[in-house]
Amino acid sequence: MPMPRIRRALTHVGGNIETGGDREASALLAAALDVPSHEGKLEGTDDPSRLHVHGFHAYPARMHPITASRLVQKLVPPGGRVLDPFCGSGTVLVEARLLGREAAGTDLNPLAVKLARRKITPLGAGDAERILEAAKNVRARADERRLARAGATRRLSDQDVAMFPPHVLLELDSLRSGIEAVSDATVKDALYLVLSSLFVKVSLKKSDTSEDAAPRRIAAGYTSKLFFRKTEELVARLGDYGERLPRGRLLRAHIAIDDATKLTTVEGASIDAIITSPPYAATYDYLAHHAVRLRWLGLDARSLEQGELGARRRYAKMRPEAAEQAWIGELVTFLRAAGRVLKARAPLVMLIADSAVGAHALRADDLVARAAEHTKLVPLARATQRRPHFHGPTARAFSERPRGEHALMLQKA
Ligand SMILES: C[S@@+](CC[C@H](N)C(=O)[O-])C[C@H]1O[C@@H](n2cnc3c(N)ncnc32)[C@H](O)[C@@H]1O
């Protein structure tokens with residue numbers, strides 16, 4: 001069955017939203033999409049309660065927490081279990097816990113899994129003090145090494161030399177070797193994530209998603225000072241998040257490195273709803289994007305290298321027809337795995353945008369509907385919001401029909 005095409009235009013704050021399919025379900029999707037800003041610009045929201053753990057670490061194409069929260073609230077019964085198989089930085093899982101739902105997440109990016117686990121886990125007794133004390137020691141050691149003009153603790157790669165000013169690189173190296181020496185696993189993981197959150201601020205790159213250089217003057221000692229400040233910020237954010245969790249026993253949560261096309265760590269027919277935003281075909285390259293962090297944190301990215309869906313590094317080389325077929329094939333494998341873990345009649349909501357290969361548009365709503373024909377999932381409703389497309393070489397793909405961001409609901413038959 002094709003993705004429902006009955007069109008109803010609704011006027012919403014964030015731009016017109018067009019809906020189709022089941023009236024009630026599409027209204028729910030439209031309401032979830034209707035938030036003040038998107039793509040991780042959480043600072044643009046006027047609700048400070050959204051800032052806590054979400055704002056701690058950059059992650060490409062984060063779901064808007066308000067969208068995640070509204071979908072969880074409407075689609076997962078209290079105490080029920082929601083799965084985000086492409087959990088990234090854990091937005092859906094954080095919101096699920098805040099709403100008293102059981103959170104399950106998978107991702108092939110080991111950095112995402114560490115970040116999401118840290119974000120959904122409130123601080124235990126004494127954690128804040130232990131994390132801050134260790135950060136103070138790590139910073140002091142880095143400052144001592146800087147003043148003593150100590151060399152690097154290991155051979156630094158050419159990529160790192162190109163990415164950071166020399167004095168910053170030495171401070172980062174000292175911070176890392178200090179973190180390595182920490183024995184408490186909770187503290188160590190937290191400090192590695194703080195280090196990971198610093199890289200763009202002290203690198204020669206303009207932003208996390210840009211390859212352009214941004215020559216900056218970074219004072220000696222700034223990197224280790226920032227490291228300590230960011231640790232204080234993490235502890236404060238986690239404290240704030242902990243305060244907001246429902247009182248009483250915290251429901252179980254499960255986050256694992258797993259392939260969304262296999263979901264081997266998720267039991268069959270155990271999920272009340274899947275709420276997720278998969279990669280957009282041919283748009284991002286999570287492996288390249290996180291290369292520096294994966295390298296510095298010593299994380300094994302081989303599974304991500306092999307299994308990353310929609311990765312630009314593969315799609316950019318394909319002809320449009322081949323790209324379309326490849327994307328449908330990848331969606332089929334994901335939807336089949338999703339169908340296995342969902343309970344009967346349970347919903348799957350995907351947030352996914354159109355993308356392009358050369359001048360050819362890959363319309364996410366149509367391609368998901370075509371993929372669903374080969375699975376036990378049936379398209380039920382959709383809501384679509386227009387999204388500007390700035391990428392010069394592929395802009396032609398959207399010259400006739402604009403690029404859309406879709407919330408698509410499918411249901412297990
Ligand atoms: C759009 S991002 C999800 C962002 C997330 N919703 C958030 O708010 O942070 C897509 C994620 O899919 C992950 N991914 C790509 N291929 C995967 C696969 N085969 N299995 C599991 N995760 C995968 C990427 O590592 C990335 O974290």
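One finds no salt bridge joining D189 and R118 here, because no Lys/Arg side-chain nitrogen approaches an Asp/Glu carboxylate oxygen to under 4.0 Å. Salt-bridge annotation for E373 and R370: absent, with no side-chain N of the basic residue lying under 4.0 Å from a carboxylate O of the acidic one.
Side-chain N or O atoms of K412 include one that pairs as donor or acceptor with a backbone N or O of G339 at under 3.5 Å. Remark: the backbone N or O of A381 is not paired with any side-chain donor or acceptor of D22 at under 3.5 angstrom. The backbone N or O of H52 sits less than 3.5 Å from a side-chain atom of R237, completing a donor-acceptor pair. In this structure, the side chain of E308 engages the main chain of L287 through a donor-acceptor pair within 3.5 Å. Within the 3.5 Å criterion, the main-chain N or O of I66 finds no donor-acceptor partner in the side chain of S69. One N or O on the side chain of R101 and one on the backbone of L99 form a donor-acceptor pair closer than 3.5 Å. S399 contributes no side-chain N or O that, together with a main-chain N or O of A395, makes up a donor-acceptor pair within less than 3.5 Å. Side-chain N or O atoms of R70 include none that pairs as donor or acceptor with a backbone N or O of L33 at under 3.5 Å. A donor-acceptor contact shorter than 3.5 Å links the side chain of R340 to the backbone of L263. At least one donor-acceptor pair closer than 3.5 Å links the side chain of R97 to the backbone N or O of L251.
Between Y280 and L362, every side-chain heavy-atom pair lies at or beyond the 4.5 Å cut-off. Looking at P85 and I274, their side chains come closer than 4.5 Å, going by heavy atoms from C-beta outward. Within the 4.5 Å cutoff, the side chain of I218 has heavy atoms near those of the H167 side chain. V113 places none of its side-chain heavy atoms less than 4.5 Å from the side chain of D258. For the pair E24 and L28, the minimum side-chain heavy-atom distance is 4.5 Å or more. Using a 4.5 Å cut-off on side-chain heavy atoms (C-beta onward), R293 and L195 make no contact. Looking at L71 and V76, their side chains never come closer than 4.5 Å, going by heavy atoms from C-beta outward. Contact annotation: the side chain of L108 never approaches that of Y286 to less than 4.5 Å [non-hydrogen atoms, C-beta and beyond].
The 12-atom threshold is exceeded at CD of E233, counting heavy atoms of other residues, nucleotides or ligands nearer than 6.0 Å. At most 12 non-hydrogen atoms from other residues, nucleotides or ligands lie less than 6.0 angstrom from CZ of R396. Within a 6.0 Å sphere centred on CZ of R319, heavy atoms belonging to other residues, nucleotides or ligands number 12 at most. For CD of E400, the number of neighbouring non-hydrogen atoms (other residues, nucleotides, ligands) closer than 6.0 Å is 12 at most.
Expressed to the nearest 0.5 Å, how far OG of S196 lies from CG of L111 amounts to 4.5 Å. For the atom pair CG (L98) and CG (L245), the distance works out to 5.5 Å, reported to the nearest 0.5 Å. Atom-to-atom distance recorded for Y241:OH and L234:CG is 12.5 Å, nearest 0.5 angstrom. Between the NZ atom in K188 and the CG atom in L193 there is a gap of 13.0 Å [rounded to 0.5 Å]. For the atom pair CG of D34 and CG of N16, the computed distance is 10.5 Å after rounding to the nearest 0.5 Å. Atom CG of residue L238 and atom CG of residue L123 lie 4.5 Å apart, to the nearest 0.5 angstrom.
Taking F164 as the reference, F199 meet the ring pair (Phe, Tyr, Trp, His ring centres under 6.0 Å) condition, with sequence neighbours excluded. Evaluation of the salt bridge (charged side-chain N to carboxylate O under 4.0 Å, His left out) rule for R176 yields D173 as partners, not counting sequence neighbours. Legend: residues meeting ring pair (Phe, Tyr, Trp, His ring centres under 6.0 Å) with Y315, ordered by chain and number and at least two apart, are absent. With sequence neighbours excluded, the residues satisfying side-chain contact (heavy atoms from CB on, under 4.5 Å) with P402 are R386. The ring pair (Phe, Tyr, Trp, His ring centres under 6.0 Å) check on Y192 picks up nothing, with sequence neighbours excluded.
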Would you tabulate the side-chain donor-acceptor contacts of residues 347-356 under 3.5 Å, counting partners in other chains and residues two or more places apart, or write 'none'?
residue, atom, partner, partner atom, Å
D354, OD1, A364, N, 2.9
D354, OD1, H406, NE2, 2.7
D354, OD2, R363, NH1, 3.3
D354, OD2, G404, N, 2.9
S355, OG, A281, O, 2.8

Exercise. Starting from the C-alpha separation in whole Å, work towards a yes-or-no answer on side-chain contact (heavy atoms from CB on, under 4.5 Å) for L226 and E171.
Key: CA-CA 11 Å; L226 185 62; E171 278 181 51; over 6 Å; no

Practice problem: Dump the intermediate steps for side-chain contact (heavy atoms from CB on, under 4.5 Å) on K225 and R229, then the final yes or no. | Solution: CA-CA 6 Å; K225 190 163 108 190; R229 264 210 336 250; 4.1 Å; yes

Practice problem: Check the pair V292 / D160 against side-chain contact (heavy atoms from CB on, under 4.5 Å), numbers first and verdict last. | Solution: CA-CA 8 Å; V292 65; D160 291 327; 4.0 Å; yes

Quiz prompt | Stepwise side-chain contact (heavy atoms from CB on, under 4.5 Å) check, D84 with L93 | solution = CA-CA 7 Å; D84 184 348; L93 310 178; 4.1 Å; yes

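There is a side-chain donor-acceptor pair under 3.5 Å between R81 and S270. When only modelled atom types and interatomic distance are considered, H54 and E95 share a side-chain donor-acceptor pair under 3.5 Å. At a cut-off of 3.5 Å, with distance as the only test, no side-chain donor of H57 or S89 sits close to an acceptor on the other residue. With hydrogens and angles left out, the side-chain atoms of S177 and R141 include a donor and acceptor closer than 3.5 Å.
Closest approach of A61 to Y284, counting heavy atoms only: CB-CE1, 3.6 Å. Shown here for V235 and I131, the closest heavy-atom pair between the two residues is CG2-CG2, 4.0 Å. Of all non-hydrogen atoms in A383 and S26, the two that sit nearest each other are CB-O, 4.2 Å. Pairing each heavy atom of T223 with each of L198, the nearest pair is O-CD1, 4.0 Å. When all heavy atoms of A371 and T375 are compared, the pair lying nearest together is O-CG2, 3.7 Å. The nearest pair of heavy atoms linking M318 to V357 is O-CG1, 3.5 Å.
A distance below 6.0 Å separates the ring centres of Y59 and H290.
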